[in-house]
**Student:** 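First, the structure itself, so that you have it in front of you.
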Amino acid sequence: MAACTSDLSKAYGSGDTRVVALDRISIAFRKGEFTAIMGPSGSGKSTLLHCVAGLDSASSGSVRIGATELSALGDRQLTELRRDRIGFIFQAFNLLPTLTALENITLPVDIAERDVDRRWLDTIVTTVGLSHRLGHRPAQLSGGQQQRVAVARALVSRPEIIFADEPTGNLDSRAGAEVLGFLRDCVRELGQTVVMVTHDPVAAGYADRIVFLADGRLVDEMTEPTADRVLDRIKDFDAHGRTS
Ligand code: ADP
Ligand code: MG
């Protein structure tokens, strides 16, 4: 297993304003698998991703990355785990505007004062199709190219697992397809593990498996999805009121 949770719960606020965002979620993410997390807005997708990636803490239950229990880690150990073992891709790219594409890609390794593995960097840059854009700054790149820089940045330290929250949310469908195809290649060809939140059936169709959340609970799962099957399943949910 690359990561797993057991009875993971997360509540925000207290008293009248208490919101249970996650309600006893037990889920495992296998190594080398591309998982999509789907569900209506507010169902807890981002919260689940943030808790598993160590960006937010659980209220109760367990989260493990590999064999490491996150609740047992201090702040500093958690920071190191995020830096060394996890990659994160955000909807808004989060590139530094004054750095070139190449400098953005190697930033996490540079911050960690590690040497960049040149062969691995070449492999990533070639796979992501950015070889001729490395000297450009983010403003000189299209949205799709910027997100591919962000994906390359997430890959450069060879993380055990990559988390992506709506990575194609700011892209048109063609650029979205490029990024999704690349993520899938990373899983198939490089053995990467990817967990992606999306509300888009087409995006989810790239995954090996989809898990569905509703009201902070795990309600369904689909393997080898296609966009059509995802759409049918969502219609089914709506018809039976399971997501409301
Ligand atoms: P999704 O990503 O599926 O849209 P979220 O995980 O963002 O859902 O949110 C799940 C629930 O938790 C929602 O009801 C949301 O309002 C609530 N929530 C998320 N983050 C916070 C926060 N920082 N403070 C209070 N409530 C939050
Ligand atoms: Mg969200």
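Start at 1 and go down the list; that is how both ligands and their atoms are numbered. Here, residue 1 is the first one in the sequence, and each next residue gets the next number. Keep in mind that what you see is a predicted model, and the values were worked out from it rather than measured.
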**Student:** Within the distance-only criterion (no hydrogens, no angle test), does the side chain of S142 pair as donor or acceptor with the backbone N or O of Q145 below 3.5 angstrom?
**Tutor:** yes

**Student:** I'd like the name of whichever of A214, G42, A11 reaches closest to atom 1 (P) of ligand 1 through any heavy atom.
**Tutor:** G42

**Student:** Can you list the atoms of ligand 1 that are under 4.0 Å from a heavy atom of P40?
**Tutor:**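 Listed by number with element, the hits are 3 (O).
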
**Student:** Counting only heavy atoms closer than 4.0 Å, does ligand 1 sit against the backbone of T47, its side chain, both, or neither?
**Tutor:**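 Both backbone and side chain of T47 come within 4.0 Å of ligand 1.
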
**Student:** Among all protein heavy atoms in this structure, tell me which lies nearest to atom 27 (C) of ligand 1, with the distance rounded to 0.1 Å.
**Tutor:**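 Ranked first by proximity to atom 27 (C) of ligand 1 is Y12 CD1, 3.2 Å.
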
**Student:** Give a yes/no answer: is there an N/O/S atom of S41 under 2.8 Å from the Mg ion (ligand 2)?
**Tutor:**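 No.
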
**Student:** Ignoring hydrogens and angles, tell me if any N or O in the side chain of T5 forms a donor-acceptor pair with the backbone of I27 under 3.5 Å.
**Tutor:** yes

**Student:** Taking atom CG of D220 and atom CE of M38, what is their separation to the nearest 0.5 Å?
**Tutor:**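 D220 CG to M38 CE: 12.0 Å, rounded to 0.5 Å.
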
**Student:** Once rounded to the nearest 0.5 Å, what's the spacing between atom CD1 of I210 and atom OG1 of T198?
**Tutor:** 9.0 Å

**Student:** Is G44 in polar range of ligand 1, meaning some N or O pair under 3.5 Å apart?
**Tutor:**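 G44 vs ligand 1: N/O contact under 3.5 Å present.
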
**Student:** Salt bridge or not for D7 and R24, using N-O below 4.0 Å?
**Tutor:**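 No, no charged N to carboxylate O under 4.0 Å.
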
**Student:** Might you check, step by step, whether the distance between atom 15 (C) of ligand 1 and some protein heavy atom is under 4.0 Å?
**Tutor:** no

**Student:** Using a 4.0 Å cutoff against the non-hydrogen atoms of A21, which atoms of ligand 1 qualify?
**Tutor:** 10 (C), 11 (C), 12 (O)

**Student:** Would a 4.0 Å cut-off, counted as strictly less than, catch a protein heavy atom around atom 8 (O) of ligand 1?
**Tutor:** yes

**Student:** Just how far is it from atom CG of D236 to atom CZ of R229, taken to the nearest 0.5 Å?
**Tutor:**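 Output value for this atom pair is 12.0 Å.
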
**Student:** Please confirm whether S43 comes under 4.0 Å of ligand 1, counting heavy atoms of the residue only.
**Tutor:** yes

**Student:** Would you say CZ of R233 has more than 12 non-hydrogen atoms from neighbouring residues, nucleotides or ligands within 6.0 angstrom?
**Tutor:** yes

